[in-house]
Every structure is written in C-alpha cells, then in structure tokens.
Amino acid sequence: MKNVFLGKNVIVQGITGTHGRFQTRAMLAAGTTIVAGVTPGKANEVVEGVPVFDSIASATIFHTIDISVIFVPAPFAKAALLEAIHANIPLIICITENIPIHDMLVVKRALETSSSQLLGPNSPGALLPGLHKLGIIPASLSLPGKTAIVSRSGTLTYETMAGLTAKSIGQKYVIGIGGDTIHGIGYIDCLKLFQEDKDVDRIILIGEIGGKEEIDAANYVSSSVTKPVFAYIAGHHAPAGIQLGHAGAILNSDNESAGAKTDYLASQGIITATSITELIHTFSAD
Amino acid sequence: MNLLEHEAKSLLSISGIAVPKGVLVRNDSTPPFLPLVLKSQVPVGGRGKAGAIKIASSESEYIQAVSDIMSLPVKGHTPDLLLAEELLSIERELYLSILVDRSSQLIQVVAHNNGGVEVEDNSHFNLWSIENTSDVDHIGQALADYYDIPEKTFLLQDIVEQLYKCFIENDATLIEINPLILTSEGFLVAGDAKITLDQAAAFRHDWNFSQPETNNNFVTIDTHGMVATVANGAGLAMATVDAVYDFGMKPANFLDIGGGATAETLIIAFNQIAAYADVKAIVINIFAGITRADEVARAIITASNSISHLPPLFIRIAGTNKVEAAAMLKEASFTLYEDLESCLIAAKEVVV
C-alpha cells in the first residue's frame, strides 16, 4: 500500500473559517505544500497566499490533490467529507469534532466504495517533523527523528511528542487517530505503516479507557511488529460508566479499563507505563 | 443524553411501536384508572430493586405508592413525575435493542429471549448488523425464528422497521426495549424503554427533554482528593490525573476544559473545586494546539481573581502562543512550570 502520509499537494476544506485560516498559516510555516483552499461561495478569495475554490472539483482542474485537511464546522462536515471521498483524495484528515454519529456512519459507508483513507474525525491530524504538518499538532515542539507516535487523544499526543523532544528524541510520525466512536484509520493501520517504514526505529502507542482497539492493536503487535513498542493507556483512575470528555472515553466494562488494557498490552510484549511521565522516562532510558 | 422512560415511550409511540396506556402523575389524589403500575421517572436503571416501581389496585394503595415513590431517591435521583400505566397480561418478556456498535462501526439490532436481562451481564445475545437499509428487511423473520414466535413474523418486521426509523430520525445511539412484552392477547408492547440521543446532533433537532445536557467534562474522582486538576483534551486530562496519582497524591477530579476555555468555564470549575474540603493545590495542564495558550492564560487570570480562597495554582502551559501566555501569567504573579513533572513536584511540596 502506498504511504498516503507522504503525499505532497494539500488542500484545506474550510480554509476561510477562523481555525482554517490560523492553521493554514501554521501548516505553511511548517513546510506543508498547500495548493488550494475550498469553501463553497468563497471562490477567488486568497487566504495566506492560497487560492480558494468553491469545490474540490474546481480545485482539481489546476492541481493533483494528495491530501485534504478538513476544518469545516460539524453541521456541514458530512457534506465536506463526502465531497472529498467522491473525489478519491488519497488521504482525508478531519479535524472537526462533534460530528453526529449517524453522519459518520454514512461517511464510513461511502469510504467503502472509494480509494480514500480517512484520518479522524476529531483528530489533531498528522505531523511528519521536517517534512510537513497535516492538521493542528504544534510543529514547534517536534524534532525530526525516528520515533513513531500513534494516539487516540489530541493534546496527550502533543504532551508525548514534546516530552520526547525535551529529551532530544526525534519523531518521524506523530499521528492522532481521533477520539470518536466511529472513525477512519486506526492503530493497526498506523502500526503497519511504522513497521514497514525503514526510518522508524521505535513506536509509541497512546491509548485510553473504553473500547477494545488497544487490545486489537496489541494482538497485531505480537503477530506482526518486530520493532519495540511502548505504550501508555490514560485513565487509570477513571470512574466506571461515566463518559470522560469526548465520546470514545467511557469505561463500560472491566476489560476496557486502563489497568486491564495495560496488563494485556504487557502480556503481548509491549513495554508499558502507568503515567505519561513514566513513559517518557522509560523510553528515553531504553 | 439519556431520556426518561415516558419521553422514550413517546418517541417510540410516534414511530408506531405499541406502548402501554399511561399518564404522568405527580401528587394527584385520584388515580387515573385502576389497577395500575406506578414508575418513578428517573434517568437511571435499577428502579425495580430500589422500590421505585409499585402496583396499586385501590385508591389508598395509589395514594401511598405516589407518596412513597415521589420521595424515594434512586441512585441519587428523585423523580419530578411518575408514570402511571395499565397492567398488561404478560405471556413472555423479551429483549430488543438497536445501537451503534463500536467494534464493527455498524448499527446492530440486539435480541435476547429473556426480557429484563442487563446487557452488561450476559453475552448470549443475538445480533444482526445493518450495513445497508435493505438489511432491515430480513430481521423480522430472523427475530421470529430466534424468539420462536413464527406467528409474529410480520409484527416483528413492523417493529424492527419502526425501531430503525425511530433510531435514524431521532439521531439516537441506543434504543432499548426491555422488556418487549408479548401479551396474552398476542400484542407486542414496549414494557420499558431507554433511549440515548447523540448530543452532537442537537443542532438539527428541536429537542425539549427534561434532562439537562450531561457535563462529561467535570467528573469527581475523590471528594477527599488533595489535588484538583484542570487540563484541555480528555486524554491529557486523564493523563494529568494519572500523573498526580503516580506522584503519590490523591486526585480530586477530572476536568477537560476543551478547546474553547473561557473565564466563565473556569469560574464554574474553580467554584466546584473550591467546594472540595481537602484540595490543597490545583494543577493546570494546558497543551495548546487549536486552543491559543494566551486565551487560556487570560481566562485563568480573570477566573482566579473572581474567586477568593482558591487553593494555589500550579500552571503548566505549552503550545500555540505559549510565549504570550507566559508573559501574561508572570505579570499576574503566577509561577509557570516548564513541564508536567516539575509542576507536580512543586505541587507536592504544598500537599504533603
């Protein structure tokens, strides 16, 4: 499979909004090639030197598009996602949060008949330090290198990355898969990418309470990943049955707890920690 | 957002699913009809065990039951209303629900032969996934086979279609009919119902339900905790709580102030924190991505000035516009810590 994260030409859907505008500037500063912005009704505007089009279709007349980063507000996000999916943009990164779950179910169905891959929604995006920034992960706290990070959380991803940078450990990939129940690219897709990329030497997986994706990821690690994997599962002191912040983080049964997941990950050969500070210490001492 | 039983039944009824004849009562001295069953309208399960569901056959039993249930808290919730329903002659009690399954990322219809089961307690459920709307067409037959009531095939097909329609049109993430009652007259009636709606879809509905929006962002962990926490993002907020504990201190709460931290949000949060008797330090851990650190710093300064007797703040702010944030906080005489570790080490000095 082609590594979609290395695609060059990027468009920003929702470029004329507050976040779209601010993050376009930050992405350009981090070396991202943004060839166009898309906001219906805003054709011929220019944002941070980037030309704006009414639709992806009109942008594709002038450019081949490899990646779209979406900042479109939740009520319109489904339409924006479907537009990108129907255009078969290889990698679609959806930063928007609070998209209704039934809208995402429709989006998931549409992905099945498209060659597009989706990262998110409710994702901070991906940062490949020294290459490009695809989303909102702060590039100033990264350092080019060989570690690959995959996480369900946004800000906890930054914390992990900044912790490594402070210890002069660089990163090749920093990827946030997003915290929603229904989402695109998952841990296993990222682990496969990291295993196949010769530039990656070690992997960090950040998980949370709720669901069983970390368990599936651990099974994949034991069967298919030869590189060292370090992990921290957030929420060791979470009360049961209460949703903590975003939709995905709810502890419904004992085997979804941080403790149970940590134990399972350890049993599959993953090096685990019970806090983020411990994870950084263990990783930098390794 | 979890609906009360009567609200859930009203949505089911609009979609065409049969529910028992019922009226809402409060303190009425005359029963609407007799005999009847009185059910506490609270947004939690376990009402039967708590004694919050009672049958009344006479006016005196009715008056006593209303007074008992109205004052009976169930898991901390006291009802504003009771649902008075007709008694059904029960032949069988079944379980039927529709939900968004996290693992398969599909809509699933879930059935069990014993109504009253708790989903968490039992794994012997039968499941049918709905990938396309046309999949719904076959589920009535499958349910009739599974429940072993072949004569109810057409009725079950109607119910499943109505359930699916109700689920989609209301942006629900769960509709549970438990029990689905087969009456001795041969009807299928929703004995109890639970509906969870997707709060993210509120913008396209005219919802007017009694439940306040649940605040998932502030959760008490230990009322005797010594360290209160404030962070942005659920993962970072959980990680901050974990780190407090790993540093040998008892965390009091989880708080995710999200992306748009305003002074108002923080004032509410600080007031909640100030109510904990044992909190000696507040650890604030902000990592700005889409949030701007300077906006959070401004909110912290405004909020802390508006509340007296606030325990000391231990602040770590990183990310977008951190330099501006640091300057503002220094100006307001706050100490800033470079990372979470140094922040926690400093907090520990005042806690232990």
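Chain naming here is simple, since letters A, B, ... match the order of the sequence lines and numbering starts at 1 in each. Values below: all heavy atoms of this structure, side chains included; hydrogens, waters and symmetry mates excluded.
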Item checked: Max heavy-atom pair count under 4.5 Å with chain B, selected residue of A:Arg109, A:Lys212, A:Glu213, A:Lys108 -> A:Arg109
Check: Of all of A:Ala74, A:Pro138, A:Pro75, which one pairs up most often with chain B through heavy atoms under 4.5 Å apart?
Finding: A:Pro75
Check: Above 12 or not: heavy atoms from other molecules or residues under 6.0 Å from CD of B:Glu338?
Finding: no
Notebook entry, point to check: Counting only heavy atoms not in A:Phe76, do more than 12 fall under 6.0 Å of its CZ?
Noted result: no
So for [X], is it side chain, backbone, both, or neither that comes closer than 4.5 Å to the heavy atoms of chain A?
| X | result |
| --- | --- |
| B:Phe167 | both |
| B:Asn285 | side chain |
| B:Asp339 | neither |
| B:Ala172 | backbone |
| B:Ile168 | both |
| B:Glu131 | both |

Next item on the list: Work out which heavy atom in A:Ala234 is nearest to a heavy atom in B:Ala239; give both atom names and the distance.
Entry: CB-N, 4.2 Å
Notebook entry, point to check: Which heavy atom in B:Asn232 sits nearest to a heavy atom in A:Thr155, and how many Å separate them?
Noted result: O-OG1, 2.6 Å
Between [X] and chain B, which part of the residue has a heavy atom less than 4.5 Å away: side chain, backbone, both or neither?
| X | answer |
| --- | --- |
| A:Pro100 | both |
| A:Ile99 | backbone |
| A:Ile182 | both |

Separation of [Y] [atom2] from [X] [atom1] (nearest 0.5 Å):
| X | Y | atom1 | atom2 | answer |
| --- | --- | --- | --- | --- |
| A:Phe22 | B:Asn321 | CZ | CG | 5.0 Å |
| B:Asp101 | A:Thr181 | CG | OG1 | 10.5 Å |
| A:Ile101 | B:Asp198 | CD1 | CG | 6.0 Å |

Next item on the list: Would you check if the distance from the ring center of A:His237 to the ring center of B:Phe254 is below 6.0 Å?
Entry: no
Check: So, B:Arg316 and A:Glu159, do they make that salt bridge, N to O below 4.0 Å?
Finding: yes
Check: Are A:Asp103 and B:Arg204 close enough for a salt bridge, meaning some N to O gap below 4.0 Å?
Finding: yes
Margin query: Just so I know, are the side chains of B:Met238 and A:His236 near enough to count as touching, which here means a heavy-atom distance under 4.5 Å?
Written below: no
Notebook entry, point to check: Taking C-beta and beyond as the side chain, do A:Leu141 and B:Phe287 meet within less than 4.5 Å on heavy atoms?
Noted result: yes
Checklist line | Pair A:Thr274, B:Asp242: side-chain N/O donor-acceptor within cut-off below 3.5 Å | finding: no
Checklist line | Residues of residues 275-283 of chain A contacting chain B, heavy-atom criterion under 4.5 Å, by residue number | finding: A:Ser275, A:Ile276, A:Thr277, A:Glu278, A:His281
